[in-house]
Number of protein chains: 2
Amino acid sequence: MLSTGCKYAIRSVLYIALNASEEKKIGVKEVSEVLEVPFPFLAKLMQQLTKAKLISSTKGPKGGFYLNEQDQSRNVLDIINLMDGIDKFQGCFLGLSKCDPANPCPVHFTVAPFKEEIMGKFRDKSIMEFAAEIRLTGRHITLKDIV
Amino acid sequence: MLSTGCKYAIRSVLYIALNASEEKKIGVKEVSEVLEVPFPFLAKLMQQLTKAKLISSTKGPKGGFYLNEQDQSRNVLDIINLMDGIDKFQGCFLGLSKCDPANPCPVHFTVAPFKEEIMGKFRDKSIMEFAAEIRLTGRHITLKDIV
DNA sequence: TTAAAAAAAGATAAAAAGGTCTTTTATTAT
DNA sequence: ATAATAAAAGACCTTTTTATCTTTTTTTAA
């Protein structure tokens, strides 16, 4: 469904939301170890996320990544949009360039409501709300926290 | 969502279901032209489909592709499974290798019901039933039949 | 029985995704 | 000031996906 990079990105943003703050920034090393994803690849992804202002960073000792106020109010769909492009959900399931309710492909009405609802779910909750929910319900974003 | 090859494959099987028969087989050329997909790539895909017994073929003059009785009772999920692997729908949305109701990822319960439902839709209708529905409702599988 | 038609098979090529390595820049604590 | 730290930037490599080209095999109709 999503590219590997996109999955890594979502998980790392959530990890930062849950564990970092402006006072306690977190480095790529920690994130890559906890999430068990390749360090250099993740570093690139987090650069992208920073450039797109979905997360914040500072260099040097005590440097690392965290979410500023703006970052906290972004949502998961922003990450998906950055990494994979929104077309992953908006485009025709069978790849037709013209596919809409007036000229639907055979699976249009099967897939359309699904796409709508899932996009809504990923758009209507901010990263921080998401993080709060994860903390509350004890969801996991890494295999390491499965006891 | 699906790979390009998978989309081509689904559309070409449906095209054959709608237009070919054992008496009137259809060649790669016609399919590639109507669906506007690259001929040699499609030829490879249709070879794969044939090998997996999702469609049937004969060589030589008057040769081409068609669906025998068995082929007609296959479903779209069989095609997806062959081309992309069923994991595209069954695997964790965030890529975790352990993700189930007991140890759910943050989006597990958001995504799981959709995956179930959409897989059901693609499994519970045979290719021929699908084709009949397409004919009945006038759905399109190529841009060329948009009037 | 031979020529033409059409799929099968296999080798090759281009582009994208996934991943690595090295150098540069910015920050902080000593 | 300087050394250490950590992100940013950029060049590079590998694998997979997408696509093409060529040769072989099968089949049919003249």
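For the numbers below, each heavy atom of this structure counts, side chains included, while hydrogens, waters and symmetry mates do not.
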- Taking OP1 and OP2 of C:dA8, is either one under 4.0 Å from a side-chain nitrogen or oxygen of B:Ser57? yes
- Note on the structure: Per atom distances to the A:Thr4 side chain, the nearest of C:dA8, C:dG19, D:dA6 is C:dG19
- Note on the structure: Picking from C:dG19, D:dT26, D:dA8, the nucleotide nearest the side-chain atoms of A:Tyr8 would be C:dG19
- Task: Provide, to the nearest angstrom, the distance between the NZ atom belonging to A:Lys29 and the C1' atom belonging to D:dT5.
- Result: 12 Å
- Taking N and O atoms by type only, does the side chain of A:Lys44 place a donor or acceptor under 3.5 Å from a partner on the base of C:dG18? no
- Item | Closest nucleotide among C:dG18, D:dA8, D:dA29 to the A:Ser3 side chain | C:dG18
- Item | Whole-Å distance separating the CG atom of A:Asp84 from the C1' atom of C:dG18 | 13 Å
- When rounded to whole Å, the OH to C1' distance for the pair A:Tyr66 and C:dT27 reads 13 Å
- Just checking A:Pro38: base, sugar-phosphate only, or nothing, at a heavy-atom cut-off of under 4.0 Å? sugar-phosphate
- Task: Compare the minimum distances between each of D:dA9, C:dA7, C:dT25 and the side chain of A:Gln47, then state the nucleotide with the smallest one.
- Result: D:dA9
- Query: Would B:Phe109 end up clustered with A:Ile118 when hydrophobic side chains under 4.5 Å apart are linked, directly or stepwise?
  - Reply: no
- Note on the structure: Nearest-nucleotide check on DNA chain C, A:Gly5 vs B:Pro61; residue mapping nearer the 5' end is B:Pro61
- Message: Counting C-beta onward and ignoring hydrogens, is there a side-chain heavy-atom pair between B:Val107 and A:Val76 closer than 4.5 Å?
- Response: no
- Task: Determine whether A:Val111 and B:Phe122 make a side-chain contact, defined as any pair of heavy atoms from C-beta on separated by less than 4.5 Å.
- Result: yes
For residues 43-56 of chain A, tabulate all N or O donor-acceptor pairs below 3.5 Å that involve a side-chain atom, not counting sequence neighbours.
unit_1, atom_1, unit_2, atom_2, d
A:Thr50, OG1, A:Met46, O, 2.6
A:Ser56, OG, A:Asn68, ND2, 3.1
A:Ser56, OG, A:Asp71, OD2, 2.5

- At under 4.0 Å between heavy atoms, what does B:Phe39 touch on the DNA or RNA strands: base, sugar-phosphate, or nothing? nothing
- Message: Let's see if you can work this out: which of D:dA8, C:dC21, C:dA7 has an atom nearest to the side-chain heavy atoms of A:Pro40?
- Response: C:dC21
- Item | Gap between atoms CZ and P, on A:Phe41 and D:dA7 respectively (whole Å) | 17 Å
- Task: Identify the residue among B:Ile16, B:Ile10, B:Val13 that makes a side chain to side chain contact (heavy atoms under 4.5 Å, CB included) with B:Ile127.
- Result: B:Val13
- Picking from C:dA8, D:dA8, C:dA7, the nucleotide nearest the side-chain atoms of B:Val28 would be C:dA7
- Query: Can you tell me how far P of C:dA6 sits from NZ of B:Lys25, to the nearest Å?
  - Reply: 12 Å
- Message: Both A:Thr58 and B:Ile26 contact DNA chain C. Which one's nearest nucleotide lies toward the 5' end?
- Response: B:Ile26
- Message: Could you tell me how far apart B:Lys59 (NZ) and D:dT27 (C1') are, to the nearest whole angstrom?
- Response: 9 Å
- Query: Just how far, in rounded Å, is P of C:dT27 from CZ of A:Phe65?
  - Reply: 14 Å
- Message: Between P on C:dA6 and NZ on B:Lys62, what's the gap in Å once rounded to a whole number?
- Response: 9 Å
